[in-house]
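Working notes for the structure below.
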Amino acid sequence: MNIKRFFLLFLILNPSTIKAAEWSYGFEVFAQGLYGYSDTQKHNNVVGQGNIDSFVKYTNNNQNSVSFHLDLMLGIDQEIQDYNQGRWGEEAYIVYDSNYGQLMLGQLFNVASLLHNAAPAFGALNSNNDIADFINNPNWRRTSKETKFATLNSTDINTDGVAPKINYISPEFYGTAIGFSYVPDSYNRRGLINKQAGFAHKDGFIGAIYNDTDWGPFSSQSSFGYAQYHGNDKEFSYSLSLKRGNWSLGGGYRKTYIDGDNKVNLNKKNYLDFDGYREGYAWNVGLGYEIGPFLSSISYFESSSSKTDNKNKTIAFSNEYQLNKNINIYIAAAYADYKSNDIDKDGYALVTGVGLNF
């Protein structure tokens, strides 16, 4: 469905838009520069990234709305170049909000990923790929010529990245919502699939359920996700986050397995070549603290292949201080232990940097 048809459908379903309507728009610019020192082969590394997020929104007098979003991104010297068009990328999508839920069309993450809320992580090292920028992981490769994920790189279901899809999330009922995603073509550069794989351009189905409950002394957010890709790849994920005052504690788990004949690919040494993530697990846990402009977290992540000894273990202590409304300062430390084929690699990294927000 193109934008014109979607907008026409919005007008048909909401005839009151002719009588009263409100337009709004906005954009945010974020840029980050990080310097890291590690005791691995490449001791010094400088990483940069930037985002421009923009939207235009149309709201009628019944408070139903349709919004058009365009988020642009770039990266410099990042080990995992997981943007959907290489170093440069975009997310372009439409969101329709009504009393019946939220419908999303375009390039964005699936519902299981959007509703996943696992280990808290702040600052410079808020994802596992951030650590790989400074202590590169032999199990993960994403370049213009090669894609290899011999193990999972996240506890949320991110196999299809931001491939074009249809998402639906229901209204909340007693703090609970359900969501569904359909992905016609699962390959995307921000996902895990190698474009040369025979299953690369097949479809996928994802479902998720989310709950947010206030228990009085603390609140909890939990989610469960399930996915099936190209007929026989199945995944499920779970996340739980507990919050009390300035503290947050959370974790996530993800399992992938194959139910069919399309097995993982092995090279002549019986090592997973590029798709070991299809048979494995990942889990993480973390503790976060927020007070005023200061955020701090410590988190642990582990992922492993079920078919080989390939494994990743990382721990990160990451801190962020908001100097003013436009400037954030980061300082972090990380340790990683990777095992890939015949390679055993471990090391630490110290990272500092600055973020700019406008």
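This chain uses plain numbering: 1 for the first residue, then up along the sequence.
- Side-chain atoms of N139 do not come within 3.5 Å of backbone N or O of A150 as any donor-acceptor pair.
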Point to revise | Candidate pair I193 and T147, rule side-chain contact (heavy atoms from CB on, under 4.5 Å), full reasoning | key: CA-CA 7 Å; I193 300 173; T147 299; over 6 Å; no
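- F68 is not connected to F55 by any chain of hydrophobic side-chain contacts under 4.5 Å among Ile, Leu, Val, Met, Phe, Trp and Tyr, and they are in different clusters.
- No continuous path of hydrophobic side-chain contacts links Y321 to L295 [ILVMFWY only; heavy atoms under 4.5 Å].
- Side chain of R254 to backbone of S154: a donor-acceptor contact under 3.5 angstrom is found.
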Point to revise | Trace of the side-chain contact (heavy atoms from CB on, under 4.5 Å) decision for E302 with Y300 | key: CA-CA 7 Å; E302 181 176 318; Y300 175 83; 2.6 Å; yes
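- Sparse packing is recorded around OH of Y174, with 12 or fewer heavy atoms of other residues, nucleotides or ligands lying under 6.0 Å away.
- The main-chain N or O of Y330 is found under 3.5 Å from a side-chain atom of T352 such that the two form a donor-acceptor pair.
- Annotation: side chain of Y338 is in contact with side chain of I135 (closest heavy-atom distance under 4.5 Å).
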Review point. Run the side chain to side chain donor-acceptor pair (under 3.5 Å) check on T314 and N312 step by step: do they pass?
Key: CA-CA 7 Å; T314 63; N312 316 296; over 6 Å; no
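- L249 CG: more than 12 foreign heavy atoms inside a 6.0 Å radius.
- Considering every non-hydrogen atom in both P184 and P164, the closest pair reads CD-O, 3.4 Å.
- For N310 (side chain) and N341 (main-chain N/O), a donor-acceptor pair under 3.5 Å exists by modelled atom type.
- Ion pairing of R142 with E79 is absent here, as no side-chain N (NZ or NE/NH1/NH2) approaches a carboxylate O to less than 4.0 Å.
- Between the side chain of S181 and the backbone N or O of N167 there is no donor-acceptor pair closer than 3.5 Å.
- Taking all atoms of both residues into account, the shortest heavy-atom contact from F134 to N45 is CE2-O, 3.8 Å.
- With hydrogens and angles ignored, the 3.5 Å screen pairs no side-chain donor or acceptor of S303 with any backbone N or O of N153.
- Checked against side chain to side chain contact (heavy atoms under 4.5 Å, CB included), K255 has the following partners two or more places apart in sequence or in another chain: F236, Y253, Y257, Y281, S306.
- Screening residues 164-190 for salt bridge (Lys or Arg N to Asp or Glu O under 4.0 Å) gives E91-R190, D160-K165 as the qualifying pairs, with residues at least two apart or on separate chains.
- Judged by distance alone, the side chain of N60 and the main-chain N or O of Q63 form a donor-acceptor pair under 3.5 Å.
- Cluster annotation: L192 is connected to F301 through the hydrophobic network of ILVMFWY side chains, with a link wherever side-chain heavy atoms come within less than 4.5 Å.
- Counting heavy atoms of neighbouring residues, nucleotides and ligands inside a 6.0 Å radius, atom OH of Y100 does not exceed 12 of them.
- Taking a 6.0 Å sphere around OH of Y25, one finds it holds 12 or fewer heavy atoms contributed by other residues, nucleotides or ligands.
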Check your understanding: When you look at S219 and D214, which way does the side chain to side chain donor-acceptor pair (under 3.5 Å) test go after all the steps?
Key -> CA-CA 4 Å; S219 63; D214 188 347; 5.8 Å; no
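- Cluster membership check: V47 does not share its hydrophobic cluster with L356, using side-chain heavy-atom separations under 4.5 Å among Ile, Leu, Val, Met, Phe, Trp and Tyr.
- A 4.5 Å side-chain heavy-atom check between T256 and D233 finds every atom pair outside the cut-off.
- Side-chain contact check for N136 versus K345: some heavy-atom pair is nearer than 4.5 Å.
- Looking only at distances, no side-chain donor or acceptor of N44 sits under 3.5 Å from a matching main-chain atom of Y37.
- Nearest heavy-atom pair across G204 and Y229 is CA-CD2, 4.0 Å.
- Y168 and F224 end up in the same hydrophobic cluster when Ile, Leu, Val, Met, Phe, Trp and Tyr side chains are linked at under 4.5 Å.
- Formation of a donor-acceptor pair under 3.5 Å by the H43 side chain with backbone atoms of S38 is found in this model.
- In D344, the CG atom is crowded: over 12 heavy atoms of neighbouring residues, nucleotides or ligands sit closer than 6.0 Å.
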Acceptor/donor pairs from residues 112-124 side chains to any protein atom, 3.5 angstrom cut, sequence neighbours excluded:
residue: S113; atom: OG; partner: D156; partner atom: OD2; Å: 2.7
residue: H116; atom: NE2; partner: T155; partner atom: OG1; Å: 3.0

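- Judged by distance alone, the side chain of S340 and the main-chain N or O of I343 form no donor-acceptor pair under 3.5 Å.
- Ring geometry for Y93 versus H69: interplanar angle under 30°, hence parallel rather than tilted (30 to 60°).
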